There are 2 protein chains.
Amino acid sequence: MYAQAYFAYDSKKSGGVTISHLRFGKNPIDMPYLIDAADYIACHRQSYVKRFDILRGIKDGGTFMLNCTWTDEELDKELPAKIKRAIAKNHVKFYTLNGDAIGQKLGLGTRINMVMQAAFFALAKIIPVEDAVKYLKDSIIKNYGKKGQKVVDMNNGAVDAGIKEFHEVNYPASWADAKDEVVEGRPVPEYFEKVAAPMLGQVGDDLKVSDFVGREDGTMPSGTAKFEKAGPALHVPAWDAEKCVGCMQCSFVCPHATIRPVLTTAEELAAAPEGFKAAAKAKSGKEYNVTIVVDQLDCLECGSCVNVCPAKALTMVPNDDKERAKMDFWYYAQDKVAPKANPQNKKTVIGSQFEQPLLEFSGACAGCGETPYVKLLTQLFGDRMMIANATGCSSIWGASAPVSPYTTNAKGHGPSWANSLFEDAAEFGLGMFMGVDKVRKDLADEVEAAKAVASDELQAALSDWVANMYEGEGSRERADKVVALLEKEAAGKPVLEDILEKKQYLVKRSHWIIGGDGWSYDIGYGGVDHVLAQDQDVNVLVLDTEVYSNTGGQSSKATPSAAVAQFAASGKRTKKKDLGMMAISYGYVYVAQVAMGADKNQLLKAMTEAEAYHGPSLVICYAPCINHGIRKGMGKSQTEEQLAVQCGYWDLFRYNPDLKEAGKNPFSLDSKEPDYSKFQEFLQGEVRYASLKKGFPEQAEALYAKTESDAKARRQSYVRFQKGFEA
Amino acid sequence: MYAQAYFAYDSKKSGGVTISHLRFGKNPIDMPYLIDAADYIACHRQSYVKRFDILRGIKDGGTFMLNCTWTDEELDKELPAKIKRAIAKNHVKFYTLNGDAIGQKLGLGTRINMVMQAAFFALAKIIPVEDAVKYLKDSIIKNYGKKGQKVVDMNNGAVDAGIKEFHEVNYPASWADAKDEVVEGRPVPEYFEKVAAPMLGQVGDDLKVSDFVGREDGTMPSGTAKFEKAGPALHVPAWDAEKCVGCMQCSFVCPHATIRPVLTTAEELAAAPEGFKAAAKAKSGKEYNVTIVVDQLDCLECGSCVNVCPAKALTMVPNDDKERAKMDFWYYAQDKVAPKANPQNKKTVIGSQFEQPLLEFSGACAGCGETPYVKLLTQLFGDRMMIANATGCSSIWGASAPVSPYTTNAKGHGPSWANSLFEDAAEFGLGMFMGVDKVRKDLADEVEAAKAVASDELQAALSDWVANMYEGEGSRERADKVVALLEKEAAGKPVLEDILEKKQYLVKRSHWIIGGDGWSYDIGYGGVDHVLAQDQDVNVLVLDTEVYSNTGGQSSKATPSAAVAQFAASGKRTKKKDLGMMAISYGYVYVAQVAMGADKNQLLKAMTEAEAYHGPSLVICYAPCINHGIRKGMGKSQTEEQLAVQCGYWDLFRYNPDLKEAGKNPFSLDSKEPDYSKFQEFLQGEVRYASLKKGFPEQAEALYAKTESDAKARRQSYVRFQKGFEA
């Protein structure tokens, strides 16, 4: 018996689909294409029948196995018409199996792979079922034997259940004529309907070349993630308007931008759907009512918002019909509530959240430590941002084809984004800057020349523009003023017309180069160093998960001693590289190290100072990751960041060359003297450290001690460095 | 009229040959091969007629133009028989021209290109000579017009002279039968005779595949540069035995290893050729007489030795027959004088020079600032060195095919050397280390196992070996002892026989990764950083010329502000990167910054500490280069290094992690507080800085001030860093 297998994965960090294409036969199989006519199709997750055309290509008389919790009656209600027709018209032998119930009963939880495999062998009859059972049980001993008899027994139980606990559905012939339900959906753009939706539905290969007419350069429209609305959450946060104190921390830390404040006038509040309430004691947004709305259809139920809420105004509740109805609140805020000028300072924790996040609903893991940083950047500078992204998690959640989580504000302004290679993001971003800078310098010459033919008012606006052309703050307003005047008087004056044509360059762009530690500490470090050395106005944001996250957790030079990672199975021996201090050695690079959960104000200072600095900047962000194995769960990544700083695992600092120019101490060690007594406890809270004790007990204690003393030595070097400037 | 031109260059840094293959015709020329049958051959340098088969392939009746200072009578004496036969047998029209005399008369010095071009057009008659003169003079205005009328006039004079001041040689028919002079040469190895000599003679393309039998892996034997003996020097140093104080500085600084001390016993001195004297008042080598010998045939007459001699015991003299006879002294020292155990400490300036340099007669530029450092390394560790070399000058002078300047001592031990790519030398060198380390660790297991079957004496030697297997000092002696005992008792004992077979691994190797600043600061920096971070026992030596030397002087991150370089034509704007401090940030990397001419003892300390440190090391060497345009000349590169440190342009320091472990201050700022009043004078002594004032007078002063303040700030950061450990 021969077999061939192809596995098709998608690139999402969460909620991704895997399709296994398996062929069996008496002769060797060497088929170079995926299966398009199947004898047997199994769907292991019931929600997929609603999202995908699961039975496409099933043969007449084929077999369909669906893992689901539905009874036959429920099936009739839940199955989409398209699936019903495919079953009936193809005379499909249709079976269901409640794998989750079996898993729960056996203690395997949601691990249903063995149940489904056994059912496959029982129904597909590739080999005699008794042989299959024997082989499966042999493999169980081989793979799980070391984990003890209990695990072996549970898996053997799954095999025994899988071969018999399925049920043939006796479906009515009328399914052949099942009618499609007409769902009144929200409008989507043509790109989403024509290109993105088929790709999301796993039939992207059917797209014709002509579907891409008008998109020949490969540019993907932004602002499309919001149309996906896959709604995976079983639980969502419910907001209590009475308890909310308006601190905005929920919105600040949400990795997915699915919980946000909305500001309403009295009229807007009155016109809102029933149940849409304003916070009773919100202290912010004085002119407006404040409501917290939740996008249940994009929430990944990490619980970060609930965990950071100081007022217990948020609780996780089942995402039932009652909760789902609250999507109306979200849509009302999106569609009917007018965008408002920020009533507060956007450089504060609260004020920043009255800015629209221009990164939303990415495919990042639930509770991701990276996205809150980038989301905040888009709230601060997003309407004039250009991003050069390294390859890694941030390029996956940042641009999982076919949708883009980067979006635009009501005026159509938002980040532009591109990724070239893993290693060249810094150089790529510098090139973006150099190109834009050249155009703007030429534009400045034109502006000078234009004054001769401009009105007094325009002359003044142009002079103001030239004087402040490199200042980000107020740039949008200065550009708008110039454009408004140009639109009045440019006609017939070629130099003014030309400036108007280049109006997008009037706004000072905010150049960001974003990537992880694998890129910035390791593979792309040569480029990061080279670009920082060039003394140009670009900003580098490092999302430091201390490990190659996207590729499955390989050790990087950002990985501290004692951490267990791929290529460091017995704990890393060398300490974490001090990327920040290496960049500081140039003297003209703004450098900051931050941790959102530990100090949001310091983070805001770092981001705004870095952006305002007229030279290269480097901001290194501590970002918890699923690879850390945080025992508290990813919903507590903010807490973990706080603990990391409190115990001395991670230090916060800022180095500002402008302060040195002004004769002040450029280095500010922002985190307090740590409480090292909590250091080891912190390590034991994460599997990446705790597992070392299990695997390598003799070496673990020494490595734990080393990583603590490394941290202390690093802190001491910062203290010495800071004092050096004071002496 | 159409033309085609191919130019064949060799890779030597000095004394390289260029051959121009020119074709002319009325139709387009698209010949894919070099010329092998020529109508016209010109030789622009008279010494080449003795080194190369210049007239190979000349057509019957062809023309030969030789630029030389010889009269017709001298020609008869000087021309090799092979050339004479080629002239007479092919009925060649033979012309000579004293281009150097013309150049001197016109003020063009040795620039004879225009004279020779004009002569070519006069004799080859490609186009009417009056047209050629017109085109040449037009090109002179175009190319030199900006340099003033005087330069134009000089070149026009060269054209006018070139078309008439040549002379046809009326050679005798007897040249057709000229007999080869039989020269009694010194013996050379088969590789040199069969492979290297033809390549050096520019007929390497004639080599057959079978000539490479036994060399299929591409390995090139070392110790072959010494057979080249091209003898280019017109002047050589003459040594005064009466004045010499035996300080050995001449030998220490010689970039080419052509001046060395030789230690003789009374018998050896008595048996020496006439005129071979011992130093009258040499203070070192107490048991032996000391003589300084010069290899005139490899000396490049840079004058470094003369310039550093504190006793004026060396003077440059014409390399006439009398001086040339002193080669017998050199050969006597090489062939007849027995190698001696070093009578002094090899870690001192004097003692180091009683070690044989294992880098000699490289193709480096006369006065090269790089080679003295590497030569010294070979004197300290050469018999157990493995070198991974980056691409750049050091890979060119380190391995210009077909000869190798790296050589072996009397016992056959010397550096192994390899080069992979420009950028990967650090990784390549780490790989060498990892491979050797694995073999040695396995060997240690075998050694432990071997004790059971070893004699008491061998057991003790093996235990001593294991206990010190990672110590370089004494490693050779310990290995020799083990091998001597194994040779006595290994027979019939497989484990002992196996160790004996791997005896080369008993010696602790000294791993060096060598390259320039283009590699280490820029293109290969990612790798340098990565390798240093691995905490393995490898040593990185950076030859910092502050510019991409090998490719013609492009700016690197090692280039300081204000320096003029390719891609920084108006002076570099950003300051020199502080590579040393960046490596120090790891805490476990030994780092030193050195300058031979400023402090030889500090240099010796740095090299020996770096090598002895059981972890990664980085030694950054200031290396003057022809690209600097040192006004004093390259013979003063040692003085330039001294001035650089005195004025604060370059700082000397060492950071030793072992001291930190021992509770001491790990950082030692070794150079004294600089005299900054000499900083600007230093800059003006080098064309790379001085030329900025000519090209960009407005910006020059500001950039000169910036580079001085950059240097002061860097020094201050070192002072702060050192003090930080004291507080």
Side-chain angles (χ1 to χ4, degrees), chain A residues 423-424 426 519-536 555-559 561 567 572-589 615-616 657 660-661 666-667 706 709-710 713-714 716-727, chain B residues 423-424 426 519-536 555-559 561 572-589 615-616 657 660-661 665-667 706 709-710 713-714 716-727:
Chain A
E423 68 276 18
D424 74 349
W519 161 69
S520 57
Y521 283 70
D522 273 13
I523 293 180
Y525 173 60
V528 168
D529 173 70
H530 198 72
V531 166
L532 292 177
Q534 302 313 307
D535 201 11
Q536 300 290 349
S555 165
S556 83
K557 291 204 285 297
T559 307
S561 304
F567 305 130
K572 186 154 169 273
R573 301 299 153 124
T574 50
K575 69 179 189 181
K576 184 182 178 77
K577 165 174 171 172
D578 196 342
L579 181 64
M581 283 306 282
M582 293 171 89
I584 286 173
S585 77
Y586 282 101
Y588 52 80
V589 181
K660 203 171 159 205
E661 287 294 308
F667 188 76
K706 177 180 186 317
S709 82
D710 287 347
R714 191 179 57 228
Q716 280 314 305
S717 76
Y718 297 154
V719 170
R720 278 198 306 273
F721 187 65
Q722 186 174 28
K723 278 195 183 152
F725 288 105
E726 285 159 10
Chain B
E423 67 277 18
D424 74 350
W519 161 69
S520 57
Y521 283 71
D522 273 13
I523 292 179
Y525 173 60
V528 168
D529 173 69
H530 197 71
V531 166
L532 292 177
Q534 302 313 308
D535 200 12
Q536 299 291 349
S555 166
S556 83
K557 290 204 284 298
T559 308
S561 304
K572 186 155 171 274
R573 300 299 153 123
T574 49
K575 70 179 189 180
K576 183 182 178 79
K577 165 175 172 173
D578 197 342
L579 181 65
M581 283 306 283
M582 293 170 89
I584 285 173
S585 77
Y586 282 100
Y588 52 80
V589 181
K660 202 171 159 206
E661 287 294 309
N665 190 333
F667 188 76
K706 177 179 185 321
S709 82
D710 287 348
R714 190 179 56 229
Q716 281 314 305
S717 76
Y718 296 155
V719 170
R720 277 198 306 272
F721 187 65
Q722 186 173 27
K723 278 193 185 154
F725 288 105
E726 286 158 11

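Everything quoted here is computed from the prediction, not taken from an experiment. Throughout, a chain's letter reflects where its sequence line sits, starting with A, and its residues are numbered from 1. All values below come from the heavy atoms of this structure, side chains included, with hydrogens, waters and symmetry mates left out.
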Colleague: Just how far is it from atom OG of A/Ser585 to atom CZ of B/Arg714, taken to the nearest 0.5 Å?
Modeller: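 These two atoms lie 11.5 Å from each other.
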Colleague: Show the nearest heavy-atom pair for residues B/Arg720 and A/Gly724, with the distance to one decimal.
Modeller: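 Closest approach of B/Arg720 to A/Gly724, heavy atoms only: CD-O, 3.0 Å.
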Colleague: Taking A/Met581, A/Gln716, A/Gln534, A/His530 one by one, which has the highest count of heavy-atom pairs under 4.5 Å against chain B?
Modeller: A/His530
Colleague: By a 4.5 Å heavy-atom criterion (distance strictly below it), what part of A/Lys577 contacts chain B: side chain, backbone, both, or neither?
Modeller: both
Colleague: Select, from A/Asp529, A/Ile584, A/Asp522, A/Val719, the one with the greatest count of heavy-atom pairs under 4.5 Å involving chain B.
Modeller: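 Looking at each option in turn, the highest pair count goes to A/Asp529.
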Colleague: Between B/Tyr521 and chain A, which part of the residue has a heavy atom less than 4.5 Å away: side chain, backbone, both or neither?
Modeller: backbone
Colleague: Please determine, among B/Ala533, B/Ser717, B/Gly587, B/Gly527, the option with the most heavy-atom pairs under 4.5 Å with chain A.
Modeller: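 When all of B/Ala533, B/Ser717, B/Gly587, B/Gly527 are compared, B/Ala533 has the most.
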Colleague: Any idea which heavy atoms bring B/Tyr586 and A/Lys575 closest together, and the distance?
Modeller: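 Scanning both residues completely, I find the closest heavy atoms to be O-CE, 2.7 Å.
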